[in-house]
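Heads up: the structure comes next, in structure tokens.
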Number of protein chains: 2
Amino acid sequence: MRKEASSNALNEKKINASCGMGYALSLIGGRWKSNILWRLLIDGKLRYNELRRLIPGISERMLVSQLREMEADKLVLRIVYPEVPPRVEYELTELGQSMRSMLQSISDWGEMHRQVTREN
Amino acid sequence: MRKEASSNALNEKKINASCGMGYALSLIGGRWKSNILWRLLIDGKLRYNELRRLIPGISERMLVSQLREMEADKLVLRIVYPEVPPRVEYELTELGQSMRSMLQSISDWGEMHRQVTREN
DNA sequence: CTCATAACTTACTTTTCTGTTAGTACTTAA
DNA sequence: TTAAGTACTAACAGAAAAGTAAGTTATGAG
């Protein structure tokens, strides 16, 4: 939960309002968001449990909360099919898709520069 | 301070080891790092107090800790001149410079998509 | 009647991050 | 002699993020 008036939250707002980089990073900066975005970029539409299996180590709570945040930020679309058993699919919105080249360049830099630890 | 063996820390490590994006984001994800990196990209070398004045709202503790982390990550170089009063300058290392196009694309995306709040 | 599946919620704890306040050493200027 | 500048450090508190464990709803299969 967020305290609207904490210095912490105010600083974040101020930064996001004045700096495009800060703003962009605030949208993709959650622990598992890079993984989720990457999967959705590659695979397109994915069901909840598919995402869960594709991202080893993520808990249900984290998967849901990261998805919900990105949904609120209009990066991800949640599609519910009124079936039993339930089926829910996630895919990138147009805004999410518009991140592709940015995400690619972040990924490229990362792949290039974490080589030292690569062998693990 | 970090608990080496917490699930939290282990998950972060695992993500950084398997995903270039996660790794890159972990280096630039601190609250004030985007600001600092941006300043250093634009202005080149800057003194401690210059940075402080260029980044309104940052506290000394935060400025120092963000700089120290980036120094540890080899993104930023700290140059101490043995003078009185003391003079310390910060600049991007080659590794830091190599982030330029990535940072630019993050910034571009951000500038383009935070327009709604722009008027504030 | 119990189990399994899908896609979650809820309540709670732990860990990590950020911010506040005060203090350091040294020197020059008023 | 007091203040101001420089570049910090230390101790602590509070907020936010992440993790854990258990429960929910509805249905069909055995």
Side-chain angles (χ1 to χ4, degrees), chain A residues 1-16 22 25-36 45-71 76 78-90, chain B residues 1-16 22 25-36 45-71 76 78-90:
Chain A
M1 243 134 266
R2 303 219 121 212
K3 296 238 166 161
E4 284 294 309
S6 68
S7 293
N8 194 332
L10 292 177
N11 276 338
E12 190 185 347
K13 261 191 195 166
K14 200 165 48 171
I15 289 169
N16 293 355
L25 289 175
S26 75
L27 299 184
I28 61 176
R31 168 80 90 242
W32 301 91
K33 285 183 185 172
S34 45
N35 283 250
I36 297 172
K45 211 174 284 184
L46 284 170
R47 296 182 65 165
Y48 176 83
N49 269 337
E50 289 176 320
L51 272 168
R52 204 158 73 81
R53 287 180 197 120
L54 286 167
I55 303 173
I58 197 170
S59 71
E60 313 234 5
R61 181 185 166 317
M62 274 297 114
L63 178 52
V64 173
S65 77
Q66 304 283 285
L67 283 169
R68 289 285 187 280
E69 284 178 25
M70 294 196 286
E71 204 193 340
V76 163
R78 178 168 178 267
I79 311 159
V80 184
Y81 298 85
E83 300 175 2
V84 166
R87 182 155 65 102
V88 179
E89 292 185 337
Y90 292 92
Chain B
M1 247 130 264
R2 302 218 122 212
K3 297 237 167 161
E4 285 293 310
S6 68
S7 293
N8 194 331
L10 292 177
N11 276 337
E12 191 185 348
K13 262 191 195 165
K14 200 165 49 172
I15 290 169
N16 293 356
L25 289 174
S26 75
L27 299 184
I28 61 176
R31 168 79 90 244
W32 301 91
K33 285 184 184 171
S34 45
N35 283 250
I36 297 173
K45 211 174 283 184
L46 285 170
R47 296 181 65 163
Y48 176 84
N49 269 337
E50 289 175 321
L51 272 169
R52 203 156 75 79
R53 285 179 198 121
L54 287 166
I55 303 174
I58 196 170
S59 71
E60 312 234 6
R61 180 185 168 316
M62 274 295 115
L63 178 52
V64 173
S65 76
Q66 304 283 284
L67 284 169
R68 291 284 188 280
E69 285 178 24
M70 293 196 287
E71 204 192 339
V76 162
R78 179 169 178 266
I79 310 159
V80 184
Y81 298 86
E83 300 174 1
V84 165
R87 182 156 66 103
V88 179
E89 292 184 337
Y90 293 91

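Just so it is clear: chains get the letters A, B, ... in the order the sequence lines come, proteins before strands, and each one is counted from 1. The figures here come from the full heavy-atom set of this structure, side chains too, leaving out hydrogens, waters and symmetry mates.
- Phosphate contact (OP1/OP2 of C/dT5, side-chain N/O of A/Y48, threshold under 4.0 Å): absent.
- Between the NZ atom of A/K13 and the C1' atom of D/dA16 there is a distance of 15 Å, given to the nearest Å.
- Neither OP1 nor OP2 of C/dA7 sits under 4.0 Å from any side-chain N or O of A/R53.
- Applying the salt bridge (Lys or Arg N to Asp or Glu O under 4.0 Å) criterion to A/E50, with sequence neighbours excluded, gives no partner residue.
- Across the protein-nucleic acid pair, B/R68 atom CZ and D/dT9 atom C1' stand 9 Å apart, rounded to whole Å.
- Between the CG atom of B/L51 and the P atom of D/dG5 there is a distance of 18 Å, rounded to whole Å.
- Between B/E71 atom CD and D/dC8 atom C1' there is a gap of 13 Å when expressed in whole angstrom units.
- As rounded to whole Å, 10 Å separates atom P of C/dC8 from atom CZ of A/R47.
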## Note on the structure
Readout for nucleotides 18-26 of chain C: B = base within 4.0 Å of protein heavy atom, S = sugar-phosphate only, - = neither; 5' to 3' it is BBB------

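- Within the structure, the salt bridge (charged side-chain N to carboxylate O under 4.0 Å, His left out) test picks out the following pairs touching residues 51-61 of chain A (sequence neighbours left out): A/R52-A/E60.
- B/K13 pairs by the salt bridge (Lys or Arg N to Asp or Glu O under 4.0 Å) definition with B/E4, not counting sequence neighbours.
- Of all the heavy atoms in A/S34 and A/R31, the pair that sits closest is OG-O, 4.4 Å.
- For A/S6, whose side chain is taken as the heavy atoms from C-beta onward, the closest listed nucleotide among D/dA16, C/dC8, D/dT9 is D/dA16.
- Partners of A/E71 under the salt bridge (Lys or Arg N to Asp or Glu O under 4.0 Å) rule, at least two apart in sequence or in another chain, do not exist in this structure.
- What separates CG of B/L63 from C1' of D/dC8 is a distance of 10 Å, to the nearest Å.
- For A/R47, there are no salt bridge (Lys or Arg N to Asp or Glu O under 4.0 Å) partners two or more places apart in sequence or in a different chain.
- The side chain of A/N49 lies closest to C/dA6 when the candidates are C/dA6, C/dT9, D/dT9.
- Remark: P of D/dA18 and CG of B/L25 are 12 Å apart, rounded to the nearest angstrom.
- Atom-to-atom, CG of B/L67 to C1' of D/dT9 comes out at 15 Å; the value is rounded to the nearest Å.
- A 4.5 Å side-chain heavy-atom check between B/L67 and B/L51 finds at least one atom pair inside the cut-off.
- Among the atoms of the strands shown, only primed sugar atoms or phosphate atoms (P, OP1, OP2) are found under 4.0 Å from some heavy atom of A/Y90.
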